[in-house]
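A short worksheet on the structure shown next.
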Amino acid sequence: MKFSTKPATTTLCALSILLFLGISCGPSSTNEEREETAVQENTPTEPSMELLWETSEELITNESVHYEESDGLLYVANIEGGPDEKDGVGSLSKVSTDGEILEKDWVSRLNAPKGMTVVGDFLYVTDIDRLVEIELATGEINQTFEIEDAVFLNDAATDGQKVYFSDMRTNTIHYLEDGNIHTFATDQNSINGLQVASDGTVYGLDSEGLKQYASDGSFEIINDEVTGGDGLIIIDEDTFIASRWGGEIFLIQNGTATKILDTTAEESNTADIGFIPEESIVLVPTFFKNKVAAYKLSY
């Protein structure tokens, strides 16, 4: 018996057409999806800060937060009394990176501690007219450096050897090296926040804005929008975070400032901020709100 092959041929042709149409239509849809995904990936993220946690309200008039990479802890400077009074009530606290207060009075009997930095085994903190050297392992004061003619020492930073620190009221940047105090720059009006980049370049915040200093103390202004700044963080050579005490924090990229936090309406201050670089977490001492707040930075 002989069977016709026409139906099979017809079916094969139909399947071939459907397969061709599927191949022809498929890549068009996939390309559109890929293009949309690429656009989404290339769209710049709007700079922002998202609240992660806050400590309890026990850190009285906290002015500064320092994240110490060597032990993974936060060190908080609490003025407690007047910001320029030698009253012996100031303190330093130890706090975990999730906001638990570990030792509220880790160091006590200071006056009005503010900026902090660590070199080797010692933490250095400014205290009105002196720089105090504290042993990290024990919290014991190792020695103090009295600063001649100092009035209102504020922030501190280091290049790993020198300890730079500002005097907001004498408009001066000093530094400690080999046990001796030197002057780095003068006539820096209301100089406050300091940081040192990995290449040793010093940056500062004063009434004129964000400054980059040469080794001889001369400078250039790289942003004149964030004047009267307080805390300073260096992310890279073109990216900085700067706070104003009143409640504002800015991201400065390529010389342009974008406000990323404003808590002035809540009367929550943003003093000498700290930073956990591996997690992009900004640590905000809220001064009169008596707590430290941690924010996730996105940009």
State whether the side chain of [X] and the backbone N or O of [Y] hold a donor-acceptor pair below 3.5 Å, judged by distance alone.
X	Y	value
D129	V151	no
S91	S108	no
S243	G231	yes
T186	T172	no
D167	F152	yes
N223	G255	yes
N142	I134	no
R244	T270	no
E225	A257	yes
N111	G88	yes

Hey, does [Y] have a side-chain heavy atom less than 4.5 Å from the side chain of [X]?
X	Y	result
V118	T158	no
I147	H174	yes
T264	E248	yes
L153	S166	no
F219	Q188	yes
I173	L194	yes
F145	Q143	yes
R109	I141	no

State, to 0.1 Å, how close [X] and [Y] come at their nearest heavy-atom pair, and which atoms those are.
X	Y	result
S96	L74	O-CD1, 3.5 Å
G99	T55	O-CG2, 3.5 Å
G120	L136	O-CD1, 4.2 Å
N62	T286	OD1-N, 3.1 Å
A271	F287	CB-CD1, 4.5 Å
T61	E80	CB-N, 3.7 Å

Evaluate side chain to side chain donor-acceptor pair (under 3.5 Å) for N254 paired with T256, printing each intermediate quantity in order. CA-CA 6 Å; N254 301 309; T256 301; over 6 Å; no
Yes or no on side chain to side chain donor-acceptor pair (under 3.5 Å) for E46 and S48, after CA distance, side-chain angles and deciding distance? CA-CA 6 Å; E46 187 71 22; S48 64; over 6 Å; no
Is there a path of hydrophobic side-chain contacts, each under 4.5 Å between heavy atoms, that joins [X] and [Y]?
X	Y	answer
V107	F122	no
L59	L52	yes
Y299	F250	no
L297	L232	no
V65	I273	no

Before you tell me yes or no, could you show the steps for S93 and N78 under side chain to side chain donor-acceptor pair (under 3.5 Å), namely the whole-Å CA-CA distance, both residues' side-chain angles and the distance that decides it to 0.1 Å? CA-CA 8 Å; S93 302; N78 310 298; 2.9 Å; yes
Using 30° and 60° as the class boundaries, would you call the ring planes of F288 and W245 parallel, tilted or perpendicular?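 Perpendicular, since the angle between the ring planes exceeds 60°.
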Once you round to the nearest 0.5 Å, how far does [atom1] of [X] lie from [atom2] of [Y]?
X	Y	atom1	atom2	answer
T97	E279	OG1	CD	6.5 Å
Q212	I234	CD	CD1	9.0 Å
W53	Y295	CH2	OH	11.0 Å
M49	K259	CE	NZ	13.0 Å
D224	S207	CG	OG	11.5 Å
M116	L92	CE	CG	6.0 Å

Mind checking whether F240 and Y203 have ring centres under 6.0 Å apart?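 They qualify: ring centres under 6.0 Å apart.
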Working for side-chain contact (heavy atoms from CB on, under 4.5 Å), residues I221 and L210: CA-CA 6 Å; I221 299 173; L210 173 60; over 6 Å; no
Quick one, I241 with I252, criterion side-chain contact (heavy atoms from CB on, under 4.5 Å). Give me CA distance, side-chain angles, the key distance, then yes/no. CA-CA 6 Å; I241 306 171; I252 301 174; over 6 Å; no
For [X], does the [atom1] atom have more than 12 heavy-atom neighbours from other residues, nucleotides or ligands under 6.0 Å away?
X	atom1	answer
E267	CD	no
E58	CD	yes
D121	CG	no
E146	CD	yes
K104	NZ	yes
E69	CD	no

Pairing donors with acceptors under 3.5 angstrom, does anything connect the side chains of D71 and Y75?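 Looking only at side-chain atoms, Y75 and D71 do form a donor-acceptor pair, the distance falling under 3.5 Å.
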Is there a donor in the side chain of D216 and an acceptor in the side chain of S218, or the other way round, less than 3.5 Å apart?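 Short answer, yes.
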N192 and side chain to side chain contact (heavy atoms under 4.5 Å, CB included): which partner among D272, D206, D230?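 Answer after filtering D272, D206, D230: D230.
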Let's go through T138 and E135 carefully: what are the C-alpha distance in whole Å and the side-chain angles of both, what is the deciding distance for side chain to side chain donor-acceptor pair (under 3.5 Å) to 0.1 Å, and is it a yes or a no? CA-CA 6 Å; T138 64; E135 190 174 2; 3.3 Å; yes
Please lay out, stage by stage, how M168 and I191 fare under the test side-chain contact (heavy atoms from CB on, under 4.5 Å). CA-CA 5 Å; M168 191 174 180; I191 182 69; 5.6 Å; no
Would you check, one step at a time, whether the test side-chain contact (heavy atoms from CB on, under 4.5 Å) holds for W106 with V76? CA-CA 10 Å; W106 176 62; V76 182; over 6 Å; no
Would you call K211 and E220 a salt bridge, taking side-chain N to carboxylate O under 4.0 Å as the test?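 Judged by the 4.0 Å cut-off on N to carboxylate O distance, K211 and E220 do not form a salt bridge.
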Got a salt bridge between K114 and D127, using NZ or NE/NH1/NH2 to carboxylate O under 4.0 Å?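 Looking at D127 together with K114, the answer is no, because their closest N to O distance does not fall below 4.0 Å.
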The single option from Y164, Y124, F165 passing ring pair (Phe, Tyr, Trp, His ring centres under 6.0 Å) against Y175: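 Per the ring pair (Phe, Tyr, Trp, His ring centres under 6.0 Å) rule, the option paired with Y175 is Y164, out of Y164, Y124, F165.
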